[in-house]
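This report refers to the structure that appears directly beneath it.
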Amino acid sequence: MDQDIESTAKKRVTLKDVAKDAEVSRATASLVLRNSPLVKEKTRRRVQESMQRLCYVYHRAAASMRSKRSRTVGLITTDITNPFFAELTIGMAAHLEAKQYAVFMSNTSEELGKQRRLLATMQEYGVDGILLCPVNDTHRADIEQLQQAHFPLVLVTRYLLDLDVDYVGIDNVYGARQAVDHLIEQGHSRIAFVGGADTSSARRDRLQGYTEGLQAQWLEPDPRMIYQAPISRDGGYVAIGQLLQQPDPPTAVLCYNDIVAFGVMAGLNAQGIDIGTEFGVIGFDDVAEARLQQPPLTTLTVPTHEIGRQAAQCLLERVEQPTAPSRRLILSPDLVVRTSSLRTD
């Protein structure tokens with residue numbers, strides 16, 4: 001057996017070498033590699049010990065040529081520094097890795113040109129499919145080109161209007177309506193909406209829910225209360241400063257996401273306004289930092305990990321059935337009421 005080890009050290013160790021060292025068939029060694037429950041535990045350990053002793057490394061390229069699958073997936077998000085996307089990415093990656101897929105992650109920083117380059121590069125490297133949170137200015141043609149080639153693709157948290165493609169996201173309209181209903185119950189009628197880009201499907205849906213929530217209570221939406229701003233702390237900080245300078249300023253705000261809400265709260269604190277009692281603030285996403293704010297932030301909690309898991313599973317099913325009808329999986333957010341929206345007087 002020692003002579004076998006010396007000879008295999010001079011060339012790449014194959015699964016056949018492992019099988020010979022462990023005194024099993026190549027088929028059995030392959031089952032161990034795939035974590036098959038058909039192999040007895042004693043045999044599994046013997047094969048794994050041989051793999052370790054021979055320094056065996058799985059030859060993915062060779063396996064890809066045999067199966068015509070790379071068992072790799074591309075994952076493209078817009079802002080990995082945003083805690084929401086970080087948590088979403090963890091959910092997607094965990095499910096894919098559990099299914100023995102390697103994940104290539106990239107970040108577009110909301111740049112259309114970068115997104116196009118990443119989509120092309122991932123196809124060139126032979127990924128089996130792509131999970132994409134599209135940048136706000138994504139062109140239909142960019143996605144339709146992939147569809148025409150039957151390339152497996154799932155859009156996550158953002159979609160393109162009238163485009164028949166797999167999508168997994170949340171019910172933004174319903175979530176925003178919950179938030180507005182709560183603020184009205186707290187006695188607010190001048191409610192602002194802050195954050196997001198006009199081209200964002202998430203912002204469009206949240207704005208629709210905001211509008212429907214006001215109209216359901218016979219409150220007419222005021223265009224001056226709708227403030228477009230970057231989805232950042234600075235964006236929220238600047239927006240609330242501008243809104244408070246209006247002749248009839250708002251007394252509450254629904255923010256595009258928690259990050260914008262943190263900026264709004266910083267702006268209110270800078271002006272000595274009591275958040276909750278004097279001014280209501282609601283975010284969206286319920287990132288970990290939301291409950292640690294002073295005061296804790298009321299927000300829409302989103303099942304981030306479940307969205308990631310379902311998106312990953314949807315993509316794997318698309319890989320197996322590239323011409324199957326497209327699907328839309330929509331999960332519901334829930335309002336988590338904390339101090340930032342509660343009037344205590």
Side-chain angles (χ1 to χ4, degrees), residues 70-97 101-143 145-146 151-160 163 165-170 172 195-203 229-236 255-263 283-290 302-312 314-316 318:
S70 67
R71 297 198 71 81
T72 60
V73 163
L75 197 168
I76 304 175
T77 60
T78 57
D79 182 8
I80 198 64
T81 65
N82 183 327
F84 171 80
F85 286 114
E87 294 171 13
L88 182 68
T89 295
I90 291 171
M92 290 187 282
H95 186 73
L96 291 166
E97 289 165 1
Y101 273 78
V103 182
F104 296 154
M105 302 185 201
S106 293
N107 183 70
T108 61
S109 303
E110 293 285 7
E111 297 177 14
L112 181 59
K114 187 174 182 181
Q115 176 176 280
R116 286 173 172 166
R117 291 192 297 273
L118 288 170
L119 286 171
T121 299
M122 288 186 174
Q123 292 176 79
E124 290 168 3
Y125 277 87
V127 297
D128 290 335
I130 294 176
L131 292 158
L132 172 68
C133 178
V135 303
N136 288 322
D137 295 327
T138 297
H139 296 178
R140 287 175 57 94
D142 294 333
I143 305 302
Q145 183 179 12
L146 296 172
F151 186 84
L153 173 76
V154 175
L155 301 184
V156 187
T157 70
R158 295 179 184 176
Y159 62 89
L160 276 67
L163 190 62
V165 63
D166 289 330
Y167 167 72
V168 181
I170 54 178
N172 287 301
D198 283 338
T199 51
S200 164
S201 63
R203 180 183 189 271
I231 46 178
S232 64
R233 284 174 170 80
D234 286 345
C255 299
Y256 172 82
N257 66 7
D258 290 346
I259 304 302
V260 172
F262 298 157
F284 215 114
D285 291 341
D286 195 20
V287 300
E289 190 180 344
V302 175
T304 316
H305 283 263
E306 182 61 15
I307 292 172
R309 188 194 69 80
Q310 291 206 27
C314 184
L315 181 64
L316 296 182
R318 175 59 58 190

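The distance from the CD atom of Glu110 to the SG atom of Cys133 is 7.0 Å, given to the nearest 0.5 Å. One distance of note links OG of Ser201 with CG of Leu155; it measures 9.0 Å at 0.5 Å rounding. To the nearest 0.5 Å, the span separating NE2 on His95 from OH on Tyr101 amounts to 10.0 Å. Interatomic distance, CG of Leu315 versus CG of Leu96, reported as 7.0 Å (0.5 Å rounding). The structure places CG of Leu75 at 10.0 Å from CD1 of Ile130, a figure rounded to the nearest 0.5 Å. In this structure, CG in Leu131 is found 10.5 Å from OG1 in Thr77, a value given to the nearest 0.5 Å.
Under the rule for a side-chain hydrogen bond (donor to acceptor under 3.5 Å, both in side chains), the partners of Tyr159 that lie at least two apart in sequence or sit in another chain are Asp205. Qualifying ring-ring contact (aromatic ring centres under 6.0 Å, His included) partners for Phe85, counting only residues two or more places apart in sequence or in other chains: none. Applying the side-chain hydrogen bond (donor to acceptor under 3.5 Å, both in side chains) rule to Asn107 yields the partners Ser109; only residues at least two apart in sequence or on another chain are considered. Among residues two or more places apart in sequence or in another chain, the salt bridge (Lys or Arg N to Asp or Glu O under 4.0 Å) test is passed with Asp258 by none. By the salt bridge (Lys or Arg N to Asp or Glu O under 4.0 Å) test, Glu306 is found to be paired with Arg309, residues two or more places apart in sequence or in another chain being considered. Every residue two or more places apart in sequence or in another chain that forms a side-chain hydrogen bond (donor to acceptor under 3.5 Å, both in side chains) with Asp166 is listed here: Arg318. With sequence neighbours excluded, no residue satisfies ring-ring contact (aromatic ring centres under 6.0 Å, His included) with Phe84. Partners of Arg203 by side-chain hydrogen bond (donor to acceptor under 3.5 Å, both in side chains), not counting sequence neighbours, listed by chain and number: Asp198. Taking Glu87 as the reference, nothing meets the salt bridge (Lys or Arg N to Asp or Glu O under 4.0 Å) condition, with sequence neighbours excluded. Taking the side chain to side chain contact (heavy atoms under 4.5 Å, CB included) definition, one finds that Phe104 meets it with Thr72, Met122, Val127, sequence neighbours left out.
Pairs engaging residues 112-127 under the salt bridge (charged side-chain N to carboxylate O under 4.0 Å, His left out) rule: Arg116-Asp142 [sequence neighbours left out].
Side-chain atoms of Arg158 come within 3.5 Å of backbone atoms of Pro134 as a donor-acceptor pair (strictly under, hydrogens ignored). Side chain of Gln115 to backbone of Thr138: no donor-acceptor contact under 3.5 angstrom is found. Asp285 places no side-chain N or O within donor-acceptor distance of the main-chain N or O of Val287, the cut-off being under 3.5 Å.
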Which donor-acceptor pairs under 3.5 Å do the side chains of residues 229-236 make with protein atoms, sequence neighbours left out?
residue, atom, partner, partner atom, Å
Ser232, OG, Gly235, N, 3.0
Arg233, NH2, Glu289, OE1, 2.8
Arg233, NH2, Glu289, OE2, 2.7

